[in-house]
There are 2 protein chains.
Amino acid sequence: MDAEAIRRSLEGSGLRCTPQRYAVMAFLMEQNRHSTAAEIFEAVNRVDPRSSRATTYNNLRDLVKAGLVRDVAVEGRAARFEAKGMRHHHFICDRCGKVEDIEWYDVPRPASGSIGKRVLRECELIFRGLCTKCAPARASRKVS
Amino acid sequence: MDAEAIRRSLEGSGLRCTPQRYAVMAFLMEQNRHSTAAEIFEAVNRVDPRSSRATTYNNLRDLVKAGLVRDVAVEGRAARFEAKGMRHHHFICDRCGKVEDIEWYDVPRPASGSIGKRVLRECELIFRGLCTKCAPARASRKVS
DNA sequence: TATCATATTAGATATAATCTAAATTATTGA
DNA sequence: TCAATAATTTAGATTATATCTAATATGATA
Ligand SMILES: [Mn+2]
Ligand SMILES: [Mn+2]
Ligand SMILES: [Zn+2]
Ligand SMILES: [Zn+2]
């Protein structure tokens with residue numbers, strides 16, 4: 001999309017806008033998905049410039065640390081990454097592990113007694129169940 | 001605690017109550033924590049019977065599949081496991097990755113339009129920030 | 001241009017989890 | 001009782017995921 005905007009967001013975070021780093025960020029922004037490091041590595045290398053695996057991991061870590069990218073952990077699967085855009089919640093499929101966005105809505109905070117001396121930064125909702133692809137499959141499996 | 005109760009819950013799920021499997025379940029129930037597979041393996045082997053690493057992983061997977069144990073994914077860290085007891089939410093420390101329980105309270109469901117054809121099984125809240133141990137450390141780090 | 005911090009790289013290494021195939025243990029039902 | 005069957009365990013190999021190393025390259029600054 002807007003190459004200049006990506007460059008500015010990188011440099012605004014004190015990160016040089018290198019071709020490899022740009023490629024990771026651009027890929028995450030145009031795909032509106034939740035990709036694994038392996039998928040990102042493969043995708044940015046389908047076109048030049050070639051980026052090493054170490055660099056892909058380094059850049060993902062830097063981007064997460066800078067707050068431009070979010071790391072989504074899924075039980076039993078590789079980490080997934082997404083460009084941080086509008087706030088949203090997540091739906092995670094029990095069967096295929098797919099992560100999907102759910103429109104943001106505000107979450108009631110816990111009683112301050114529950115939080116104690118912890119410093120609360122954010123609240124996020126995770127929904128679990130079956131995605132639209134898996135729901136019918138699982139339902140028919142039951143029949144047999 | 002109640003050895004007979006553990007035995008019954010295993011057999012009620014169609015799992016034999018083997019010494020190795022019992023040891024995993026008993027450990028998770030007496031510790032009220034979120035342990036990694038490596039920690040569980042190490043703990044159940046401090047006493048007999050010796051259980052192999054493969055068996056520890058096999059049993060954790062079986063117990064999760066049976067719904068007796070919950071697998072908690074944390075970004076950048078090994079999976080953590082806990083015996084399923086009372087419903088609760090989780091607080092995850094940004095700095096040390098510790099997972100802590102937050103008293104359960106009901107979560108407003110998303111608009112049905114957001115869910116679409118997905119099958120929703122559960123909603124869970126994840127709180128993020130700094131745990132009581134890390135909060136002061138991070139605060140003083142800022143000062144320097 | 002010289003200097004210095006930042007970034008990239010291939011390959012080695014570390015960590016987490018699963019697989020394999022043989023042996024063991026428990027269950028079933030003649 | 002005992003053979004047949006199914007479930008479980010095991011050591012070690014293997015796979016998957018992620019990080020480290022140390023040499024090189026690149027870009028910013030003076
Ligand atoms: Mn998302
Ligand atoms: Mn918990
Ligand atoms: Zn699915
Ligand atoms: Zn902490």
Point to revise | Nearest-nucleotide pick for B:Q20, side chain only, options being D:dT26, D:dT10, C:dT8 | key: D:dT10
Check your understanding: Counting side-chain heavy atoms from CB outward, which of C:dA26, C:dT9, D:dT10 is closest to B:T55?
Key -> D:dT10
Exercise for review: Please say which of A:E100, A:R70, A:H90, A:R80 ends up in a side chain to side chain donor-acceptor pair (under 3.5 Å) with A:H34.
Suggested key: A:H90
Check your understanding: CZ of B:R80 versus P of C:dA17: gap in Å, rounded?
Key -> 10 Å
Review point. To the nearest angstrom, how far is B:E11 atom CD from D:dT8 atom C1'?
Key: 14 Å
Review point. Looking at C:dT6, does its base get a donor-acceptor pair with the side chain of A:R16 below 3.5 Å?
Key: yes
Check your understanding: In the hydrophobic clustering (ILVMFWY, side-chain contacts below 4.5 Å, transitive), which residues join B:I92, or is it alone?
Key -> A:V72, A:V74, A:I92, A:V99, A:I126, B:V72, B:V74, B:V99, B:I126
Review point. Given atom CZ of B:F41 and atom P of C:dA17, what is their separation to the nearest angstrom?
Key: 14 Å
Point to revise | Side-chain donor/acceptor of A:R21 to backbone N/O of A:T18, under 3.5 Å | key: no
Practice item. Using whole Å, report how far NZ of A:K65 lies from P of C:dA7. Key: 10 Å
Point to revise | Between P of C:dA16 and CD1 of B:I40, the distance in whole Å | key: 13 Å
Practice item. Could you check if a side-chain atom of A:V107 sits within less than 4.5 angstrom of a side-chain atom of A:H89, using non-hydrogen atoms only? Key: yes
Check your understanding: In whole Å, what is the span from the OH atom of B:Y22 to the P atom of D:dT8?
Key -> 18 Å
Revision key, fill the gap. Side-chain atoms of A:L15 come closest, of D:dA7, C:dA7, C:dT8, to C:dA7
**Study point:** Listed nucleotide nearest any side-chain atom of B:T18, set C:dT27, C:dT8, D:dT9
**Key:** D:dT9
**Study point:** Interatomic distance, A:N59 CG vs C:dT6 P [rounded to whole Å]
**Key:** 15 Å
Point to revise | Polar side-chain atom of A:N45 near backbone of A:S51 as donor-acceptor pair, under 3.5 Å | key: yes
Study note, to complete from the structure: In B/S/- notation (B base, S sugar-phosphate only, - none; protein heavy atoms under 4.0 Å), nucleotides 11-20 of chain D written 5' to 3' is BB----SBBB
Practice item. List for me each residue that meets side chain to side chain donor-acceptor pair (under 3.5 Å) alongside A:Q31, sequence neighbours excluded, and say none if there are none. Key: A:R33
Check your understanding: Does A:C96 offer a backbone N or O that forms a donor-acceptor pair with the side chain of A:R77 under 3.5 Å?
Key -> yes
Practice item. Would you mind reading off the distance between B:L60 atom CG and C:dA16 atom P, rounded to a whole angstrom? Key: 14 Å
